[in-house]
Peer 1: 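Shown below is the structure under consideration.
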Protein chains: 2
Amino acid sequence: MQNPPPKIKDVAHVAGVSTATVSRALTQPDRLSEATRQKVFDAIETTGYRVNQAARNLRTRRAGAVLVLVPNLGNPFFSAILSSMNDVLSANGYSVLVFDSQQPGASEQAVADCFLNGSVDGMITLDGHMTSTTAKALRNANMMRNVVFCCEWSDQWPLPSIRSNNGLGARLAVDHLVAQGHRKIAHVTGPASNILAEMRKSAFLQRCATHKLDVPADWVVQGDFSLMAGAQAADRILALSPRPTGVFCASDAMALSFIARCRQRGLRVPDDISVIGFDDIEMAAYAEPGLTTIRQDRAGLGRLAAQELLARLRGEQKTEGAYVIYAPVALIERGTTAAPQNATQPGANGRGGPEPATGFPEPVDKPA
Amino acid sequence: MQNPPPKIKDVAHVAGVSTATVSRALTQPDRLSEATRQKVFDAIETTGYRVNQAARNLRTRRAGAVLVLVPNLGNPFFSAILSSMNDVLSANGYSVLVFDSQQPGASEQAVADCFLNGSVDGMITLDGHMTSTTAKALRNANMMRNVVFCCEWSDQWPLPSIRSNNGLGARLAVDHLVAQGHRKIAHVTGPASNILAEMRKSAFLQRCATHKLDVPADWVVQGDFSLMAGAQAADRILALSPRPTGVFCASDAMALSFIARCRQRGLRVPDDISVIGFDDIEMAAYAEPGLTTIRQDRAGLGRLAAQELLARLRGEQKTEGAYVIYAPVALIERGTTAAPQNATQPGANGRGGPEPATGFPEPVDKPA
DNA sequence: CCACGCCATGTAATCGATTACATTATTGAT
DNA sequence: ATCAATAATGTAATCGATTACATGGCGTGG
C-alpha cells in the first residue's frame with residue numbers, strides 16, 4: 001500500500017472495462033447495467049481506489065468546498081453556528097473552509113483569491129461588511145449568486161440573508177422589562193456601524209417610544225458585544241442619575257460582564273437593577289442567577305444558511321435578488337430581571353435612601 | 001470580465017513568452033531574467049490572471065490545505081486555538097479545513113477520504129482519539145508524518161504533540177490551595193478516558209499525596225469539562241461530609257457553573273468554598289469574583305501546532321517519532337480562592353455552626 | 001427483414017497548470 | 001578564438017479525472 005495510489009485506469013483494468021465506465025459508475029451509476037456497475041464497484045473495493053479530488057475539480061470546474069467567513073473566529077458566539085453549518089455542508093459533500101475576516105494580514109485578498117482561483121464554490125459570510133475587493137472578486141468569478149449572509153448582512157448586495165428577528169428580539173426585551181414595571185431602561189449597544197447593533201438599538205428606541213418611555217441619550221451606551229464592553233458600560237450606567245432600573249444589553253457577553261461589574265460595585269441583580277441579554281449563549285443558563293435573555297437559534301441559523309447556500313449551488317435559485325429568512329427568537333426568562341424596587345416598594349432601596357425624584361411620569365402602561 | 005477567466009496561456013501570449021516561463025515566474029521567479037520576469041508580471045496584471053488551484057494541485061500533488069479536527073466545534077474553548085492556527089496557516093498559503101470529530105454522521109470516513117483523495121496535505125487534531133479508520137487512511141496515503149496533536153494526544157502514534165503542561169497546571173492549582181491553608185481538596189475531572197482529564201487528575205492526586213492530604217475516592221467526581229457537569233459536581237460535592245474547602249475543576253466551564261450552583265445553594269465563594277479552574281477562558285476574568293485558574297496559552301498552542309505542521313510539510317522533519325512541545329501554563333490568581341474559614345478562624349463558619357470534626361490531621365505543611 | 005433509435009460502453013479530447021528535456025544564448029577559462 | 005559550463009527560455013508530456021462523440025448490439029414497428 002506504499003505504492004502510488006490506484007487511479008481510475010487501474011480500476012478499469014481490474015474490472016475489465018474502460019475508464020469512462022468507471023467514471024460513470026462513480027458519478028451516474030444509473031447509466032450502467034447492473035452487471036458492469038457491480039464489476040466496477042468490486043474493482044474499486046479490491047484496489048482501494050479513491051477519486052483524486054484535484055483531477056475531478058479541474059475537469060468539473062467545481063471545488064467541493066465552501067468558505068465560511070467569520071468576523072473574529074475567537075468569539076465563541078460563532079462556534080455553535082459554525083458547527084451546525086459544518087454538519088449540513090459536510091453531509092452534502094462539501095468541505096468547509098474557515099476564514100477570519102478580522103485577521104490583520106492580507107485576509108481580504110485571500111478571500112478574493114479563493115474565488116478567483118476556484119478553490120471554493122460559494123461562501124457564507126457572518127460578516128455584514130463585504131469589502132470591495134471581495135465583491136469585485138465575486139463578480140469576476142461570477143460567484144455573486146453563491147453567497148449568503150448569516151446573522152449579519154448588508155443591504156447593498158442582492159443576496160439572501162439568514163438572520164434572527166433582531167427587531168422582535170429587542171421588542172421582547174423592552175416589553176419584558178416594562179411588564180415588570182420598569183420605566184427607566186438603558187441599552188448597551190453592539191459596535192458602531194454594525195447592522196445588528198443598529199437593528200437592536202433602533203427597535204429598542206422605538207419600542208420605548210411606544211411605551212412612552214423617555215430614553216435620554218446617555219442611557220444608550222456604546223458597546224461592542226464583548227465582555228470588556230459590558231463591564232465598561234456598567235461603570236457608565238451606574239454613574240447615571242437617575243439610575244436606570246433595567247438594562248437591555250445587545251449581547252449576553254456584555255450582559256454577564258455588566259452584571260459581574262454591578263456586583264463588584266455592591267449592587268444586586270435583579271434586586272437593584274435588572275439586566276437582560278441577547279443570544280442565549282450556553283453560559284447564560286449556568287450563571288447565577290440565570291441570565292434572562294433573548295434566545296437566538298444559533299444552530300438553526302447555521303443550518304438554514306448552509307441549506308440556502310446548498311440550494312444555490314445546486315442551481316435552485318429560488319428567488320431573485322435579496323430576501324430574508326428569519327430564524328426565531330424567544331424571550332428566555334431567568335433570574336436577572338425582576339420588578340424594580342421602587343415600583344413594588346417605592347423608596348425601599350436599601351442603599352442610599354429613596355431614589356431621587358426622576359421627573360418622569362410613571363404611568364402604568366403594560367402592553368399585552 | 002464575464003468571459004472565461006484568463007489562463008496561463010493567455011498571459012504567455014500577452015507577455016510574448018511561453019507558458020513555461022509564466023509558470024516559472026510564478027513559482028521560481030529567480031530563475032528568470034529581470035526583464036522577462038517584469039514582462040510576465042505586467043501581463044499577469046493586465047489580464048487579471050489567477051492560477052487555477054485545481055490544476056496546480058493536480059500537477060504538484062499538493063492540496064494547499066490542512067485539516068483541523070476539532071472534538072465538538074460548538075465548544076468555545078477551541079475558538080481561540082482555531083483562530084491562531086488559522087492565522088499562521090493562512091499566512092503560509094494553506095487553507096484551513098475544519099471537521100468536527102464528534103459529529104454523528106460519517107465524519108470518520110470523511111476525514112479518511114480527505115487524505116485518500118488528496119484534498120489535504122496534513123492535519124492538526126485536537127482530538128486525542130485517532131480512530132483506526134483515520135490511521136489506516138493516513139498510512140495508505142503516506143501521510144502519517146503530516147499530523148500533529150494539539151492539546152490532546154495519544155501515545156499510540158509516533159507524532160509530535162503540542163500541549164500545555166497539564167501536570168504542572170494541576171500542581172500549581174493544588175499548591176495554591178494548600179498555600180492558602182486548604183487541606184480538604186476535591187477535584188472535578190474531565191471526561192473518562194480523556195487524556196487531559198487523566199493527566200490533571202493523576203497530577204492532582206500525586207500532588208495531594210506530596211502534601212500528605214487525604215483524598216477520599218468520592219472527592220474526585222467525574223465531569224466532562226462542560227457547564228452542566230460543573231453544576232452536577234457541585235451537587236455531589238456540597239453533599240459531602242466533611243465538606244471539602246477547596247475544589248480544583250479541570251475546566252473553567254465547570255468551575256464557573258460549579259460556583260453558580262454553590263451560590264444558588266446559599267454558599268459563598270470563596271468564603272465558604274474556594275474554587276480554582278483550568279483554561280483561563282475570557283469569561284474567567286469577567287466573572288464576579290474573578291475566577292482563579294490555570295491559564296493555558298490557547299493562542300500559543302494553536303500557533304505552535306500550526307508551525308510544527310508547517311515545518312513537517314516543508315520536509316523539515318526535525319525529530320523522529322513522538323516528541324512533545326509544551327506551551328506554558330500559569331496560575332492566575334483572582335477572587336474565587338481564599339483561606340478556608342476554619343483555618344484562619346476555626347469554628348467561625350457562620351452557617352451551620354462549627355465544622356464537624358474531620359478526622360484528618362491538619363498539620364501546617366505549606367510548601368515553598 | 002430492414003431501418004431506426006436507444007442503451008451500454010469505448011476512444012480520445014479536455015480541464016490548466018508544472019516540469020523534464022531540448023534548445024539557444026551567454027559567460028569565462030585557457 | 002574555442003570550448004565547456006551555465007543561464008534563459010521553449011516544446012511537449014504529464015497529473016487523473018470527466019465527457020463529447022463514436023460504436024456496436026438489441027428491440028421494435030412496419
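The sequence lines fix the lettering, A, B, ..., with proteins before strands; numbering per chain opens at 1.
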Peer 1: Which letter, B, S or -, goes with each nucleotide of nucleotides 9-18 of chain C from 5' to 3', with contact meaning a protein heavy atom under 4.0 Å?
Peer 2: BBBBBBBBBB

Peer 1: Donor-acceptor pairs are to be reported for all side-chain atoms of residues 58-71 of chain A against protein atoms at under 3.5 Å, with residues two or more places apart or in another chain.
Peer 2:
| residue | atom | partner | partner atom | Å |
| --- | --- | --- | --- | --- |
| A:Thr60 | OG1 | A:Arg56 | O | 2.8 |
| A:Arg62 | NH1 | A:Tyr94 | OH | 3.1 |

Peer 1: With no hydrogens and no angle check, is any side-chain donor or acceptor of B:Asp10 less than 3.5 Å from a backbone partner on B:Lys7?
Peer 2: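 Side chain of B:Asp10 to backbone of B:Lys7, a donor-acceptor pair under 3.5 Å: yes, one is there.
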
Peer 1: Name all residues meeting the side-chain contact (heavy atoms from CB on, under 4.5 Å) criterion together with B:Asn75; count only those two or more places apart in sequence or in a different chain, and write none if there are none.
Peer 2: B:Asn72, B:Phe77, B:Phe78

Peer 1: Do A:Val17 and A:Val22 touch side chain to side chain, with heavy atoms closer than 4.5 Å?
Peer 2: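 The answer is yes, as the side chains (C-beta and beyond) meet within the 4.5 Å cut-off.
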
Peer 1: How would you list, by chain and number, every residue that makes a side chain to side chain donor-acceptor pair (under 3.5 Å) with A:Arg50, sequence neighbours excluded?
Peer 2: B:Asp113

Peer 1: Please set out all donor-acceptor pairs under 3.5 angstrom arising from side-chain atoms of residues 23-30 of chain B, sequence neighbours excluded.
Peer 2:
| residue | atom | partner | partner atom | Å |
| --- | --- | --- | --- | --- |
| B:Thr27 | OG1 | B:Ser23 | O | 3.1 |

Peer 1: How large an angle, rounded to 10°, do the end axes of the helix from C:dC1-D:dG30 to C:dT30-D:dA1 enclose when each is built from five base pairs?
Peer 2: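 Both end axes considered, the difference amounts to 40°.
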
Peer 1: Around B:Arg145, counting heavy atoms of other residues, nucleotides and ligands shown, do more than 12 lie under 6.0 Å from its CZ?
Peer 2: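 Count not over threshold, so no.
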
Peer 1: Given atom CG of B:Asp30 and atom P of D:dA8, what is their separation to the nearest angstrom?
Peer 2: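 The distance from CG of B:Asp30 to P of D:dA8 comes to 10 Å, rounded to the nearest Å.
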
Peer 1: For residues A:Cys150 and A:Leu126, determine if any side-chain heavy atom of one lies less than 4.5 Å from a side-chain heavy atom of the other.
Peer 2: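 A:Cys150 vs A:Leu126: side chains touch.
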
